[in-house]
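A short write-up of the structure that comes next.
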Protein chains: 2
Amino acid sequence: MARTTDAPYVLDAQVGFLMRKATQRHLSIFAAHIPDLTPTQFATLAKLYERGPTTQNALGRATAMDAATIKGVVDRLRARGLVASAPDPADCRRVSVRATAEGRRAFEGHARAAHAITRETLAPLTPAEQEMFLRLLARLG
Amino acid sequence: MARTTDAPYVLDAQVGFLMRKATQRHLSIFAAHIPDLTPTQFATLAKLYERGPTTQNALGRATAMDAATIKGVVDRLRARGLVASAPDPADCRRVSVRATAEGRRAFEGHARAAHAITRETLAPLTPAEQEMFLRLLARLG
DNA sequence: TGGTGATTGTTCGTATGCAAACGGATGTTG
DNA sequence: CAACATCCGTTTGCATACGAACAATCACCA
């Protein structure tokens with residue numbers, strides 16, 4: 001006899017499913033505003049712009065990317081000339097990554113669009129709700 | 001209010017970045033509870049369990065997956081015997097997908113864990129905050 | 001009935017994302 | 001100084017994701 005107290009599993013009410021759908025909508029908004037860069041690529045440029053030259057793995061940690069993932073992102077950015085990397089003279093294991101002039105221009109040229117993306121993603125909520133949502137969301141990271 | 005200067009772009013305060021980190025944490029929790037199925041695979045089984053035989057593309061829409069994505073998921077589930085597909089006699093274009101007995105057992109065996117995953121993902125928030133968060137999140141999908 | 005537009009599933013290419021295993025370099029400690 | 005643990009970057013394998021293009025099929029309507 002099944003336990004009558006078991007709540008049914010409703011997929012559309014699960015956090016994971018709702019987050020996946022919200023992320024999909026956000027990615028769609030992002031692509032509409034910045035078609036030539038992916039969110040992770042832009043995040044990487046933003047962090048380099050903010051911190052200057054950074055070790056590849058540290059860059060991955062700063063952008064919440066796996067070592068294997070940040071490598072692919074840096075590779076693609078380097079192939080497009082937005083980023084350059086050089087071995088760290090102090091530590092042969094390390095690779096120092098920096099944004100090129102073109103990379104910095106790319107970030108600056110998209111900064112306004114980036115703000116618009118955040119605004120548009122949160123647009124269904126009132127300003128008070130937006131602040132509340134971001135506060136709660138940050139605690140789930 | 002006239003803005004004379006652009007607000008700085010702080011990556012760690014952007015919705016997209018916070019959602020990515022929250023999703024990463026959720027995926028980690030999911031993998032710890034259900035190591036033998038991915039979230040999309042489990043979602044697919046859940047929908048089939050709830051709706052019975054479903055067209056492949058309709059299944060994709062119900063689980064928020066691209067036609068190309070749901071194909072891969074169904075392929076892998078079928079390779080493991082959790083799902084079976086047959087051509088729809090009424091419409092030769094369609095493929096009807098259904099859960100096998102083993103697939104239904106897999107879903108039932110993980111239903112409790114699935115609830116635990118949602119609980120654990122939301123654990124950093126109070127019950128009132130959890131409800132608020134889900135309500136706001138649903139409006140961003 | 002015949003054509004046209006929409007739907008269905010497939011394939012390809014690109015880009016995350018993570019686990020695991022690996023070799024090399026560095027630093028620490030006994 | 002030698003053994004060891006740790007960190008760094010790389011590679012491979014698997015699994016999402018999506019856009020775009022495509023062929024087959026269906027539905028509708030002139």
Side-chain angles (χ1 to χ4, degrees), chain A residues 16-17 19-32 34-45 54-80 82 85-97 141, chain B residues 16-17 19-32 34-45 54-80 82-83 85-97:
Chain A
F17 186 68
M19 285 202 300
R20 199 154 62 81
K21 289 211 296 180
T23 297
Q24 283 174 6
R25 173 168 164 277
H26 168 72
L27 293 180
S28 163
I29 291 170
F30 190 101
I34 306 182
D36 57 332
L37 286 174
T38 65
T40 51
Q41 287 171 1
F42 185 76
T44 301
L45 285 181
T54 307
T55 282
Q56 183 171 293
N57 275 9
L59 186 56
R61 285 190 293 272
T63 52
M65 278 183 246
D66 197 67
T69 302
I70 189 65
K71 182 195 185 301
V73 174
V74 167
D75 282 352
R76 284 180 284 273
L77 286 175
R78 187 174 45 233
R80 290 174 53 184
L82 301 177
S85 39
D88 186 333
D91 188 337
C92 292
R93 298 171 302 178
R94 295 185 173 175
V95 174
S96 180
V97 183
Chain B
F17 186 69
M19 285 203 300
R20 198 153 65 81
K21 288 211 297 179
T23 297
Q24 284 174 6
R25 175 168 163 276
H26 168 73
L27 293 181
S28 165
I29 293 171
F30 189 101
I34 307 183
D36 57 331
L37 287 174
T38 66
T40 51
Q41 287 171 0
F42 184 77
T44 301
L45 285 181
T54 307
T55 282
Q56 183 171 297
N57 273 11
L59 187 57
R61 285 191 292 271
T63 52
M65 279 182 245
D66 197 68
T69 302
I70 189 65
K71 181 194 187 304
V73 175
V74 167
D75 283 351
R76 283 180 284 273
L77 287 175
R78 187 174 45 232
R80 290 175 52 182
L82 302 177
V83 142
S85 40
D88 186 332
D91 188 335
C92 293
R93 295 170 303 177
R94 294 183 174 180
V95 174
S96 180
V97 183

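Note that the coordinates shown come from a computational prediction; the quantities given were computed from them, not determined experimentally. Numbers restart at 1 for each chain; the letters A, B, ... are given by sequence-line order, proteins then strands. Note: hydrogens, waters and symmetry copies are ignored here, and every other heavy atom, side chains too, is used.
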Review point. Between D91(A) and A67(B), which is nearer to the 5' end of DNA chain C once each is assigned its nearest nucleotide?
Key: A67(B)
**Study point:** Out of dG19(D), dT16(C), dA25(C), whichever nucleotide has its closest atom nearest the side chain of D66(B)
**Key:** dG19(D)
Check your understanding: Which of the following nucleotides, dT11(D), dC8(D), dA25(C), is nearest to the side chain of C92(A)?
Key -> dA25(C)
Review point. dA15(C), dA19(C), dC8(D): which one has an atom nearest the side-chain heavy atoms of T55(A)?
Key: dC8(D)
Review point. Reckon R76(A) has a side-chain N or O less than 4.0 Å from the OP1 or OP2 of dT16(C)?
Key: yes
Exercise for review: Taking the side chain as every heavy atom from C-beta outward, state whether T40(B) and T69(B) have any atom pair closer than 4.5 Å.
Suggested key: no
Check your understanding: How many Å lie between CE on M65(B) and P on dT10(C), as a whole number?
Key -> 15 Å
Exercise for review: Return no unless some side-chain N or O of T38(A) is found under 4.0 Å from OP1 or OP2 of dT16(C).
Suggested key: yes
**Study point:** Between C1' of dC18(C) and NZ of K21(B), the distance in whole Å
**Key:** 17 Å
Exercise for review: Compute the bend angle of the helix from dT1(C)-dA30(D) to dG30(C)-dC1(D) from the end axes (five pairs per end), rounded to 10°.
Suggested key: 10°
Check your understanding: 5'-most contact on DNA chain C: R94(B) or S28(B), nearest heavy atom basis?
Key -> R94(B)
Practice item. Please tell me which of the listed nucleotides, dC18(D), dA17(D), dT8(C), lies nearest to the side chain of R20(A)? Key: dA17(D)
Review point. Sub-3.5 Å donor-acceptor pair from the side chain of R78(B) to the main-chain atoms of S85(B), do we have one?
Key: no
Point to revise | Which nucleotide in dT11(C), dG17(C), dT11(D) has an atom nearest any side-chain atom of T69(A) | key: dG17(C)
Review point. Reckon R61(A) has a side-chain N or O less than 4.0 Å from the OP1 or OP2 of dC7(D)?
Key: no
Check your understanding: If you check the R93(A) side chain, which of dA15(D), dT26(C), dT25(D) turns out closest?
Key -> dT26(C)
Check your understanding: What's the CD1-P distance between I70(B) and dT10(C), to the nearest Å?
Key -> 11 Å
Revision key, fill the gap. Of D75(A) and Q24(A), the one whose closest nucleotide on DNA chain D sits nearer the 5' end is D75(A)
Practice item. Answer whether the closest heavy-atom distance between the side chains of V74(B) and M65(B) falls below 4.5 Å. Key: no
Check your understanding: Under 3.5 Å, is there a donor-acceptor pair between the side chain of Q41(A) and the main chain of T38(A)?
Key -> yes
Point to revise | Nearest atoms (heavy-atom pairs only) where H26(A) meets G16(B) | key: NE2-CA, 3.3 Å
**Study point:** Euclidean distance, atom CZ of residue R80(A) to atom C1' of dA15(C) [Å, nearest integer]
**Key:** 12 Å
Exercise for review: Please report the closest heavy-atom contact between T23(B) and M19(A), naming both atoms and the distance.
Suggested key: CA-CE, 4.0 Å
**Study point:** Closest-nucleotide 5' rank along DNA chain D - winner of Q41(B) and A90(B)
**Key:** Q41(B)
Point to revise | Residue T40(A), side-chain heavy atoms: nucleotide from dG9(C), dA15(D), dG17(C) that is nearest | key: dG17(C)
